[in-house]
S.K.: 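My structure is below; once you've seen it, I'll send some questions.
So you know, we letter chains A, B, ... as the sequences are listed, proteins then strands, and number each from 1. Just so we're clear, the structure is a prediction, and the values are computed from it rather than from any experiment. Just the heavy atoms: all of them, side chains too, but no hydrogens, waters or symmetry mates, feed the values below.
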Amino acid sequence: MFALVDCNNFYVSCERVFEPSLNGKPVVVLSNNDGCVIARSNEAKALGIEMGAPAFKFKREFEENGVHIFSSNYALYGDMSARVMSLLNEFTPEMEVYSIDEAFLSFSGFERFHDLRQIGIRMRTSVLKGTGIPLSVGFGPTKVMAKVANRIAKKFPDRTESVYLIDTQEKMVRALKWLKVEDIWGIGRQHGKRLKGIGVHTAWDFTQLSDDWVKKHMAVVGLRLKRELQGIPTLDLEEAAPKKNIACTRSFEQDYHRFDELKERVSTFAHICATKLRKQGSRCRSLNVFIMSNAFRRDRPQYQKSITVDLPFETNSSMELSHFAVDALRKIYREGYAYKRAGVIVMELAPEQHSQLGIWDNTDNRQNTLFAVVDRLNQALGRDKVKLASQDLGRTWKMRQESLSRRYTTRLSEIIDIYCR
DNA sequence: TCTGGGGTCCTAGGACCC
DNA sequence: TCTGGGGTCCTAGGACCC
């Protein structure tokens, strides 16, 4: 049996831990630049605020309904996530951290000696007590069924105590007939639309389709999904693996027109990618740079272009990557457009240890030592203490973050205040 | 005025090899 | 007129996830 454990409205729950007066009130968390709604409390969901809704369009609604707004605080969410995962890990060593707020746990064999429902309830209690974050837990014979069970636990918290177990044929059929086809994990908008078009409305209907149809229209991924929903496992827990691509991309808080302005940002994105590469112990062989104008402004001329370049050698040096990224930018930059978004993606990653050196044009090895020191300094003193000269030394831009909470758990100076009367 | 960011996997088709 | 057979690798695009 698999469990899928999921934190309820995770970002909102993190904020509420440190502001408990917000329990029971509508709360939303916004994306970078306070752009879109990316987390909602149940009360906010009930107000009809959609996931991904642009914040400016809902401004009035927020005010009228007293919705509490937070800018996203990834330092806080990342640290809270690590605490949750570490508590969950005590229940079984076999765990796959699937996302910042979700984990699959394998309990194969446990069902013979343990009451899985009780284990689920104990996980909830432990994490709630240890971190203040509420969970929903679903158990099923496959990963997809565990997802389904989790959905039921979340939908009916009172009846299930937020823990639901699918362990019999009847429960499986009942769950499948209840679940809408577009809500199946792995069925997105496109497939959902097509399936409904041919009269497939529930997960149960989907399992009744022929293998041929599924294979033809949804390839092997669809076929695996069908098996999983029939209770036949095709997906196993996945090992934590090094990333195959690493990206840093941003929308700007204002339009940029000049090459120099873009250059400054792209150089920073390359530096951030390089830092992530070094942290993972990888180097990259190629990188992609893209720039684009504001796609929402249909009234203005549009331009978007991306370019992938092979590097002459593998590297994770901020200086070298910044240099190559700016070179690439130069090739795609066109004057006369208002740029709104850009990014750097490093690709073809290889482990540092056995990297292939070229004969003629090797990276300068002294950079390894240099950036080891840079990383240490930035870690100890704050992220931007040491920068490249090509970066944003003037720091003319700043991310819009009007409602940022404190980094309660990772900065001593921002720790929660307790007042005694 | 204002619209996020970071990933993965799969397939078809073209280019190329012997 | 007629034009093999069997592979691999790469890329772009589509679909999905959180």
S.K.: When the distance from CG of A/Asn288 to P of C/dG13 is rounded to whole Å, what number comes out?
M.R.: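 That distance rounds to 13 Å.
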S.K.: Is the distance from OP1 or OP2 of C/dC18 to the nearest side-chain N or O of A/Lys147 less than 4.0 Å?
M.R.: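 Checking A/Lys147 against C/dC18: at least one side-chain N or O falls below 4.0 Å of OP1 or OP2.
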S.K.: Side-chain N or O of A/His191 versus OP1/OP2 of C/dC16: is the shortest distance under 4.0 Å?
M.R.: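 Indeed, a polar side-chain atom of A/His191 lies that close.
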S.K.: Write down the distance between CZ (A/Arg151) and C1' (C/dC17), rounded to a whole number of angstrom.
M.R.: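 Distance check: A/Arg151 CZ to C/dC17 C1' gives 13 Å.
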S.K.: Would you say A/Lys340 reaches B/dC2's phosphate, i.e. side-chain N/O to OP1/OP2 under 4.0 Å?
M.R.: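 No, no such contact exists.
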S.K.: Check the distance between B/dG5's C1' and A/Lys243's NZ and give it to me in whole angstrom.
M.R.: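 In whole Å, B/dG5 C1' lies 13 Å from A/Lys243 NZ.
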S.K.: B/dC10, OP1 or OP2 - any side-chain N/O from A/Arg224 closer than 4.0 Å?
M.R.: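 So the side chain of A/Arg224 is within the cut-off, an N or O lying under 4.0 Å from OP1 or OP2 of B/dC10.
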S.K.: Do NZ/NE/NH1/NH2 and the carboxylate oxygens of A/Lys216 and A/Asp212 come within less than 4.0 Å?
M.R.: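 No, no charged N to carboxylate O under 4.0 Å.
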S.K.: Got a minute to check which stems DNA chain C is part of, using Watson-Crick or G-U wobble pairs under 3.5 Å, three or more consecutive?
M.R.: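 So the stems come out as B:5-18 with C:5-18.
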S.K.: Using a heavy-atom cut-off of 4.0 Å across all strands, would you classify A/Ile345 as base, sugar-phosphate, or nothing?
M.R.: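 Contact class for A/Ile345: none.
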S.K.: Rounded to the nearest Å, what distance is computed from the NZ atom of residue A/Lys143 to the C1' atom of nucleotide C/dC16?
M.R.: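 To the nearest whole Å, that distance equals 14 Å.
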S.K.: Would you call A/Lys263 and A/Asp260 a salt bridge, taking side-chain N to carboxylate O under 4.0 Å as the test?
M.R.: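 Here A/Lys263 does not pair with A/Asp260 in a salt bridge, since their nearest N and O are not under 4.0 Å apart.
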S.K.: In whole angstrom, give me the gap between the P atoms of B/dT3 and C/dC18.
M.R.: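 Result for the P pair: 25 Å, nearest Å.
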S.K.: Taking only side-chain N and O atoms of A/Arg250, does any of them lie within less than 4.0 angstrom of OP1 or OP2 on B/dG6?
M.R.: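 Yes.
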